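The structure under discussion appears below in the form of structure tokens.
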Amino acid sequence: MDYNFTEIEKKWQEYWEQNQIFEVEIDNSRPKYYVLDMFPYPSGAGLHVGHPLGYIASDIYSRYKRHCGFNVLHPMGFDAFGLPAEQYAIQTGQHPAITTNNNISRYRKQMLKIGFSYDWSREVKTCDPKYYKWTQWAFIKMFKHWFNNKTNKAEPIDKLIEIFEKEGNLNVDAACNKCRQFDSRQWKTMSEKQRQEILLHYRLAYQAETMVNWCPELGTVLANDEVKEGVSLRGGHPVFQKKMKQWFLRVTAYAERLLDGLEELQWSESLKEIQRNWIGRSEGASIWFEIAPLESGKQIDETIEVFTTRPDTIFGATYMVLAPEHSLVEKITAGEYKNGVKKYIEETNKKTERERLEEAGSITGQFTGAYAKHPFSGDLIPIWISDYVLSDYGTGAIMAVPAHDSRDYDFAKHFSLPITEVISGGDISEGAYDSLEGTLVNSNFLNGLKVVDAINKVISELERQGIGEKKINYRIRDAIFSRQRYWGEPFPVYYKNDIPYVLEEDQLPLVLPEVDSYQPTEEGEPPLARAKNWKTKEGYPLEVSTMPGFAGSSAYYIRYMDPHNEKELVSKEANEYWRDVDLYIGGTEHATGHLIYSRFWNKFLYDTGMVCREEPFKKLVNQGMIHGRSNFVYRIKNTNKFVSSNLKDKYDVTPIHVDINLVHNDILDTGAFRKWSPEYRDAEFILEEDGKYHCGHAIEKMSKSMYNVVTPDEIIEQYGADTLRMYEMFLGPIDQSKPWDTKGIEGVHKFLKKTWRLFHDKNNKPNISEENPTEEELKILHTAIKKVTEDIERFSFNTSVSAFMICVNHLYSLKCNKRKILEDLIIILSPFAPHISEELWRVLGKKESIADAPFPEYNPSYLKEDLKKYPITFNGKVKLNLELPAGLSPGEIEEKVINDENVKKYLGEKKVKKVIVVPDKIVNIVV
RNA sequence: GCGGAUGUGGCGGAAUUGGUAGACGCGUCAGACUUAGGAUCUGAUGCCUCACGGCGUGGGGGUUCGAGUCCCUCCAUCCGCACCA
């Protein structure tokens, strides 16, 4: 074999490692560039060919930036805590650390073989106590901070205590849980426990009892982004709403900043849109409804707060609805309705999230027997409960305006509640009219106003009377931060008097203890409750929940800057040098989870002065998925006969996935198929005219069960890592999903072989000419330099691969082996195919790694042409081509074209109406 | 329902700003060299048509000398959100 990729790749991978070529240090003489991959969760199945797509792209970009003189930080690590390893531990009893470490070493081995330019000395593992020390540390910091809405940032809780001591919380505007008001005198008379309870309402990491997503199957609560369509993202288990005490991160405090911060980021519009949706900002008003004296005559002095985006329709509010979980429900329910309400709440609680979603649209509800007072008219409006009002959006209560909201309309029709039109323009006998077009009617002081004006007027009136205010509401919820699981970071929290306190920083890391089983205890406590001596030195019990998966991944990009620092998360020096991630590559699946949490986490660290950039990821590229290409055989039902794809319609068949390794170009190796599984040993085949069995195919997810998994390892063995890298890029645009089809790989492999042959003679001996290149050769080279440079800059790696092919094909046909051409060629190729480039670099006699060779700049003067080929079109249709000298004026071109013999021939009798000349491009003759 | 993306040969895709649609590669066909080919090399290859020529970028309409690219409209697929008040 001429091009012995196996030997070459091994050689240079060892060279890079031994010479620490890709280990980087702070170097103030060079500009930094930080390229980051979303670090993987190492699953048991290993990497398939789809996983490294983004890593290859980022590696190309990293190597390119390095050629351009940047000091490139390009690290890799592992998101190592998580459910799969723990589920496996529950099944087998094997400690999840063992599974995880095995998987990590397999992943690392697979990645090393692809030849990435990672600085492995900076590798982090989230399950390593040296690493999670800083996750726990950040939690403590959040616990010790609150969010001041006035300054719009996090501030130390000590400052808040000072304020409380001086003036209570009367003037404090904080992002906090509902909290009663108190003055300094009251604060001073409070017990330690009472004070701590109040402070918990303000902390950025806080504990609270609210409705959470409870997944019994996994035995844990889940964050909103871990639940999709009412089932857990991992495993697809049903999820219930349950009231529980849990840890939260006050992400909502940063809602506005998370939204505003998106503007400046170079992320795809769709990703930003997903985040905007998730944050879900809506403008409207808060309105406080008084509760009318109950039937019993009892007066409840609490008000029902509702949020509405349409305060203009307030005179159309004919009833109110509370979420069944609303805290006032019990208090206001009148005696005769108590049973009905109780029953309704029980039924709601029984439903899983999924059932609730599925039943959306079916109308259920229950009257409480209580009435609220309309804030302007004073009319009594009945208060209902219904699960169409969600407890965790807005205030969990609405004013229902059936005439102008379709859900309220349906509800009102169903329960025969009054419908009052307040915006003209619709027909409320037909349905709700929710348009913003129209004029206010039946609305007292709003009559005659347009909707927008009415909104403004009613808000100022609400504020004037002190019964409501302008309000911006967010859909985003605080992140549930505790999991009733074993394999995660322990909370640095202990309990005294049932009040949580955090450990001192010098007691970190709080190491995950050993347990005898990974199951919950018999009392339903999390696995950590099994740990012996799980308490502080003083004997206080430690928290038994652990942190969720996103905890460890929220600041890992910061840790890479200074991964071995035992004193700080990151030194000031390292942080100020590396600053932020310039390029972040990963999948869209993290759009609402990781990418929101890390932005939140980073903003918090920014507020406290611990990092210097407010947004962590300047530019983000989402790589598309690579799907598998499956093959099918068609078994005739109830037989062991298999019919070829094109004949299958004549029979009643069952398609069966067949291992793609038994199939070449969709032709089944029938012998191998018989050996594949005993049940097919006696299989018979109905072949096509060509005597072959043709398989069907489909593009599907790559998965073991579909027998369509292709691993990087098998590709590397057969073609080498450089071929794998180039082929992955060649498949198509990085951000699009595309199918993997191994058979196409020959093209890029041939290209690399051809490149090799440019440098070698027939006997595979290096053969480089010192002659000066011709103009033609320079033009070929510089066309490629220009194209590849531009393509890399805009992440169009597929087109740069074809540029290389064109260039090498050209040079090959000219038998060009001139040093002055090949040197530059091999540098621009090296980010894509680093091993062969490093090898051919030595063939050119170089002693140092190609990784530091300066990237060649293209010289426009080599691209100039003396003759330009002009397509001549008639009414826009190309009829012929003319070669004209470059640099002619449009007038001269027109003259030459009109007088050209061939053009005249085409014209014949037709008259020329107009000639359009686009210099260097085209000539259009209008006839 | 709302929001976003995508739609180009048999296949993956190219055409960066309105200027020769189908680059590059796979596959297919033909040929060369071969004992052989799932090796290598050369050539052809959008569709219809014997040809002249015509038709072609999801469908329909428009702007323009000229549209894959811009505008309107419809359709399909994928993704995100969804009883969000």
Side-chain angles (χ1 to χ4, degrees), chain A residues 228-229 268-278 280-282 284 306-311 313 321 323 356-357 359-363 386-390 392-401 404-408 410-411 434 473-475 588-589 591-592 622 624-625 629 664-667 697 699 726-727 730-733 735-751 753 787 790-791 793-794 796 798-806 809 869-881 913-918 920-927:
Chain A
K228 211 174 158 185
E229 282 159 19
S268 73
E269 211 32 59
S270 68
L271 186 59
K272 287 190 194 178
E273 204 51 38
I274 291 173
Q275 292 224 332
R276 285 188 198 113
N277 269 332
W278 188 258
R281 180 185 197 272
S282 51
V306 303
F307 173 73
T308 174
T309 53
R310 292 294 303 274
T313 62
V321 186
R356 212 170 140 159
L357 286 173
E359 286 168 24
S362 75
I363 298 160
S386 170
D387 64 3
Y388 88 91
V389 172
L390 306 175
D392 66 351
Y393 184 77
T395 58
I398 61 158
M399 62 172 205
V401 183
H404 305 287
D405 179 288
S406 57
R407 293 151 307 175
D408 297 344
D410 295 342
F411 192 87
D434 58 9
N473 191 57
Y474 296 93
R475 195 186 75 99
T588 6
E589 66 272 20
T592 47
N622 282 123
M625 298 242 289
R629 189 176 188 280
H664 298 282
N665 283 345
D666 290 339
I667 307 294
H697 61 88
I699 305 301
M726 294 205 85
Y727 185 53
F730 190 58
L731 284 176
D735 55 347
Q736 273 170 38
S737 289
K738 55 235 156 193
W740 177 271
D741 190 358
T742 303
K743 85 186 168 199
I745 204 169
E746 290 290 346
V748 289
H749 190 60
K750 274 191 222 164
F751 156 77
K753 284 204 253 184
K787 176 87 178 125
E790 288 168 358
D791 285 351
E793 295 282 1
R794 66 191 174 104
S796 175
N798 55 327
T799 51
S800 28
V801 176
S802 36
F804 285 123
M805 288 173 169
I806 293 167
N809 284 343
K869 215 166 114 189
Y870 279 90
I872 310 299
T873 64
F874 292 81
N875 291 341
K877 298 219 188 284
V878 184
K879 294 297 178 190
L880 65 144
N881 282 295
K913 264 197 190 158
K914 197 175 174 187
V915 179
I916 286 136
V917 175
V918 185
D920 291 350
K921 287 256 161 84
I922 202 166
V923 177
N924 190 19
I925 300 170
V926 187
V927 294

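Computed over heavy atoms, backbone and side chain alike; hydrogens, waters and symmetry mates excluded. Proteins come first, then strands; the chains are lettered A, B, ... in the order of their sequence lines, and each starts at number 1. This is a predicted model, so every value here is computed, not measured.
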*Report the residues that fulfil ring pair (Phe, Tyr, Trp, His ring centres under 6.0 Å) with A:F804, sequence neighbours left out, ordered by chain and then residue number.*
A:F832
*For A:N809, which contact category applies under a 4.0 Å heavy-atom criterion: base, sugar-phosphate, or nothing?*
sugar-phosphate
_5'-most by nearest nucleotide on RNA chain B - A:T592 or A:P733_ = A:P733
*How long is the line joining CG of A:D735 and C1' of B:rG4, in whole Å?*
13 Å
*Round to a whole Å and report the spacing from CG of A:D741 to P of B:rG25.*
17 Å
_Inter-nucleotide P distance (B:rA15, B:rG68), Å rounded_ = 15 Å
*asked:* Without decimals, in angstroms, what is the distance between A:I745 CD1 and B:rC24 C1'?
replied: 16 Å
*Taking side chain as C-beta onward, heavy atoms only, is A:N798 less than 4.5 Å from A:L731?*
no
*asked:* When you measure from the side chain of A:T873 to the backbone of A:V923, do you find a donor-acceptor pair of N or O atoms at a distance under 3.5 Å?
replied: yes
*Ignoring backbone atoms, test whether A:R475 places a side-chain nitrogen or oxygen under 4.0 Å from the OP1 or OP2 oxygen of B:rA82.*
yes
_side-chain contact (heavy atoms from CB on, under 4.5 Å) for A:K787 and A:T799? Distances and angles first, verdict last._
CA-CA 8 Å; A:K787 176 87 178 125; A:T799 51; 4.1 Å; yes
*Hunt down the Watson-Crick or G-U wobble partner of B:rC11, both distances under 3.5 Å, from any strand shown, or write none.*
B:rG25
*Nearest-angstrom distance, P atom, B:rU69 to B:rG62*: 14 Å
*Measure from the ring center of A:Y474 to the ring center of A:W278 and say whether it is less than 6.0 Å.*
no
*Hey, does A:I398 reach any base, or is it just sugar-phosphate, or nothing, if we go heavy atoms under 4.0 Å?*
base
*Taking atom P in both B:rG58 and B:rG80, compute the distance separating them and give it to the nearest angstrom.*
25 Å
_For atom CZ of A:R281 and atom P of B:rG3, their distance in whole Å_ = 18 Å
*Picking from B:rG4, B:rC83, B:rA85, which would you name as closest to the side chain of A:S270?*
B:rG4
*Choosing from B:rA14, B:rC24, B:rC81, which nucleotide comes nearest the side chain of A:M805?*
B:rC24
*Ignoring the backbone of A:I806, work out which of B:rA85, B:rC83, B:rC24 is nearest its side chain.*
B:rC24
*Out of B:rG80, B:rA85, B:rG3, which has the shortest distance to the side chain of A:K228?*
B:rG80
*Let me know the distance between NZ of A:K750 and P of B:rA39, rounded to the nearest Å.*
8 Å
*Nearest-neighbour nucleotide for the A:W278 side chain, B:rG25, B:rC81, B:rC83 considered*: B:rC81
*asked:* Both distances below 3.5 Å, Watson-Crick or wobble geometry, any strand: find the nucleotide opposite B:rC70.
replied: B:rG62
*Is there a donor-acceptor pair under 3.5 Å between the side chain of A:Q275 and the backbone N or O of A:T592?*
no
*asked:* Using a 4.0 Å heavy-atom cut-off, does A:S802 contact any base of the nucleic acid, only the sugar-phosphate backbone, or nothing at all?
replied: base
*Can you tell me if the side-chain N/O atoms of A:K743 get under 4.0 Å from OP1 or OP2 in B:rC11?*
no
*asked:* Applying the Watson-Crick and G-U wobble criteria at under 3.5 Å, what pairs with B:rC33? Answer none if nothing qualifies.
replied: none
_Does the plane of the ring in A:F411 sit parallel, tilted or perpendicular to the ring in A:Y388? Use 30° and 60° as the thresholds._
tilted
*B/S/- contact track for nucleotides 15-20 of chain B, protein heavy atom under 4.0 Å*: SB--BB
*With rounding to whole Å, what would you report as the distance between B:rU40 and B:rG53 at their C1' atoms?*
40 Å
*Can you tell me the Watson-Crick or wobble partner of B:rC55, both distances under 3.5 angstrom?*
B:rG46
_C1' atoms of B:rC2 and B:rG66, separation to the nearest Å_ = 38 Å
*For B:rG12 and B:rA30, measure between their P atoms and round to the nearest Å.*
25 Å
*Provide the Watson-Crick or G-U wobble partner of B:rA85, both distances under 3.5 Å; none if there is no partner.*
none
_Nearest-nucleotide pick for A:I274, side chain only, options being B:rG27, B:rG80, B:rU40_ = B:rG80
*Mind checking A:V915 for me? I need base, sugar-phosphate or nothing, with any heavy atom below 4.0 Å counting as a touch.*
nothing
*Within the side chain of A:D791, is there an N or O that forms a donor-acceptor pair under 3.5 Å with the backbone of A:S800?*
yes
*Please give, in whole Å, the distance from B:rG12 C1' to A:H697 NE2?*
13 Å
_When you measure from the side chain of A:R475 to the backbone of A:N277, do you find a donor-acceptor pair of N or O atoms at a distance under 3.5 Å?_
yes
*Donor-acceptor pair, A:S268 side chain versus A:L271 backbone, under 3.5 Å?*
yes
*Hey, is B:rG9 sitting syn or anti, using the within-90° cutoff around 0?*
syn
*asked:* If you assign each of A:E269 and A:T395 to its closest nucleotide in RNA chain B, which residue comes earlier from the 5' end?
replied: A:E269
_Interatomic distance where NE2 belongs to A:H749 and C1' belongs to B:rC24 [whole Å]_ = 18 Å
*Please confirm whether the backbone N or O of A:M805 pairs with a side-chain atom of A:N809, one donor and one acceptor, at under 3.5 Å?*
yes
*A:N798 side chain near B:rA14 phosphate (N/O to OP1/OP2, under 4.0 Å)*: yes
*Starting at CG of A:D434 and ending at P of B:rC2, how long is that distance when rounded to a whole Å?*
11 Å
*Pair assignment for B:rA5, Watson-Crick or G-U wobble, requiring both distances under 3.5 Å*: B:rU77
*Interatomic distance at P, B:rG25 relative to B:rC41, whole Å*: 11 Å
*Determine the interatomic distance between C1' on B:rA23 and the same-named atom on B:rA14; round to the nearest Å.*
5 Å
